[in-house]
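Counting convention: from 1, in listed order, for ligands and their atoms alike. Quick caveat: nothing in here was measured; it's all calculated off a predicted structure.
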Amino acid sequence: MHLVNNTSIMEREVRVRFAPSPTGPLHIGGVRTALYNYLFARQHGGTMILRIEDTDSQRFVPGAEAYINEALRWLGIEIDEGVREGGPYGPYKQSERRDIYREHVKMLLDAGKAYIAFDTPAELEAARAATPNFQYDARTRGTMRNSLTMPADEVERLIAEGTPYVVRFKIDGGRDVEVNDLIRGKVVIKSDILDDKVLYKSADDLPTYHLANIVDDHLMKVSHVIRGEEWLPSAPLHVLLYEAFGWADTMPGFVHLPLLLKPDGKGKLSKRDGDRLGFPVFPLLWTDPVTGAVSRGYREDGYLPQAVVNFLALLGWNPGDDTEIMSMDELIKRFSLEHCSRSGAKFAYEKGAWFNHQYLQQLPDEELAELFKPVMQMHGVEPSGFSPEYIRKAVGLVKSRINFVVDLWAHAGFFFKAPETYEEKSVRKRWTPEMPAIMEEMIGWLEELPDFSAAAAEQPILEKIKEKGYHMGNVMNALRLTVVGECKGPHMFEITELLGRDETIRRIRRGIETIKAPQE
Ligand code: GLU
């Protein structure tokens with residue numbers, strides 16, 4: 001069914017790049033793009049480049065680049081060449097490559113493939129107002145103020161005077177432009193629908209995204225451009241730029257990954273969906289440097305990086321069978337462009353929670369305990385007040401019930417803080433008038449136990465309850481109520497074993513003193 005038949009592309013040394021613009025926190029869709037690039041690079045023994053595309057100074061956000069680095073590090077997406085790693089084709093930050101772009105703009109100008117335009121914003125506005133659907137292109141450029149319509153000496157004079165100008169790409173009309181997309185096949189568009197894109201602005205002496213992106217992909221010997229579907233409309237222009245430079249022979253293979261869609265409908269996944277449905281759309285917590293607004297992140301929400309990687313890998317790709325749990329190494333082995341889908345992938349965030357659950361179960365209890373410590377602190381409990389073994393056992397007893405590390409508190413918090421309140425519904429149901437006296441008896445039985453371990457305690461205590469003819473359900477739940485504060489949690493005698501005899505008895509006493517028998 002697939003169209004990956006361009007052998008020359010497949011035989012090239014694989015060099016891919018992740019090329020984010022540092023305009024804010026990396027979106028989860030960007031993370032998936034980085035991941036697919038990485039999987040593809042590693043599978044082919046190729047090179048993974050991280051290029052920072054910061055030519056749009058208006059949209060530059062401080063902290064965004066550091067955030068990108070930290071997110072990739074956290075997820076285990078390793079970079080071979082980049083700003084910090086260095087490499088033979090640096091610098092890897094576009095704002096440090098001005099000379100290279102200037103030189104390439106000149107190459108296009110000299111070859112007559114681009115031209116200089118002086119139209120002011122007001123003049124462009126007027127052109128748009130005068131002509132419906134105005135587009136700066138082969139049909140209209142002859143009516144505008146540019147080096148194609150103005151005498152050469154005037155152009156030179158304006159430049160010498162420092163008049164701001166832009167360089168536009170001269171796109172010929174009447175052509176079919178072919179983009180060879182490795183998952184979508186051949187995409188053909190008419191060059192007439194393209195406008196003469198601005199490639200460079202003299203005002204800030206910087207190229208636009210399109211020029212910088214193509215020049216760098218070429219100079220960095222990028223073999224495959226793997227990026228989000230939102231860049232597909234730019235691809236024809238990129239193909240034309242490759243041709244204009246005379247680089248058509250080394251044009252990379254294009255791969256436009258399917259959009260991530262809203263979990264509950266059509267349309268692109270947005271931050272608002274996350275806010276509305278309660279899931280992060282960013283890998284790490286992000287604090288907006290201007291507004292101070294905080295956006296939650298997968299890391300801080302308690303996701304394990306392995307789970308996020310596994311979850312994202314399957315949003316737009318499948319291994320060809322129904323395997324779901326795959327480590328990074330396995331993903332590297334199994335990844336293939338053939339099994340990337342063309343249609344959008346619904347962002348089923350609950351599945352992310354499911355993956356996290358699976359990976360948490362695989363984690364040794366020691367590691368889980370480490371992850372739990374900050375959560376304890378969040379709840380005002382100092383981990384050093386408990387032995388490592390105690391914390392480890394507590395998380396071990398409840399981990400099968402959790403999807404997230406933070407959930408551990410709801411299930412195991414009582415191991416670290418004695419209950420202060422008691423769930424009302426269970427009090428009403430279980431705390432019968434004779435219960436305080438029965439609990440006094442219970443204390444006696446527990447004190448007498450020679451061995452307080454779960455295995456040794458269970459039978460004798462249950463026997464006593466039976467012997468006395470007490471209501472088993474009420475007594476055991478009343479006990480649980482005093483110890484846990486509510487009628488849920490792991491096996492009762494596992495709980496008492498871990499709490500220990502003294503703490504268990506202390507809690508029962510407090511229950512007897514504080515739980516009010518329900519009013520008739
Ligand atoms: N700088 C673009 C971005 O932010 C890169 C797009 C591409 O990969 O060509 O996604």
- Task: Using heavy-atom distances, let me know which of E230, E53, H27 sits nearest atom 1 (N) of ligand 1.
- Result: E53
- Query: Under the ring pair (Phe, Tyr, Trp, His ring centres under 6.0 Å) test, which residues partner Y165, sequence neighbours left out?
  - Reply: none
- Query: By side chain to side chain contact (heavy atoms under 4.5 Å, CB included), which residues pair with L277, not counting sequence neighbours?
  - Reply: P263, D264, F279, Y349
- Query: Applying a strict 4.0 Å limit to heavy atoms, is Y209 in contact with ligand 1?
  - Reply: yes
- Item | Test item, R17 contacting ligand 1 (heavy atom, 4.0 angstrom) | yes
- Message: Strictly distance-based, threshold 3.5 Å: is any side-chain N or O of D301 a donor or acceptor partner for the main-chain N or O of Y303?
- Response: no
- Item | Residue portion contacting ligand 1 (non-hydrogen atoms closer than 4.0 Å) for N213 | side chain
- Message: Does any N or O of ligand 1 fall below 3.5 Å from an N or O anywhere on A19, backbone included?
- Response: yes
- Could you label the plane-to-plane angle of the W247 and Y242 rings as parallel, tilted or perpendicular, counting under 30° as parallel and over 60° as perpendicular? perpendicular
- Message: Once you measure the plane-to-plane angle for H224 and F40, does it fall in the parallel (<30°), tilted (30-60°) or perpendicular (>60°) bin?
- Response: perpendicular
- Query: For ligand 1, which atoms, with element, lie under 4.0 Å from some heavy atom of R227?
  - Reply: 7 (C), 8 (O), 9 (O)
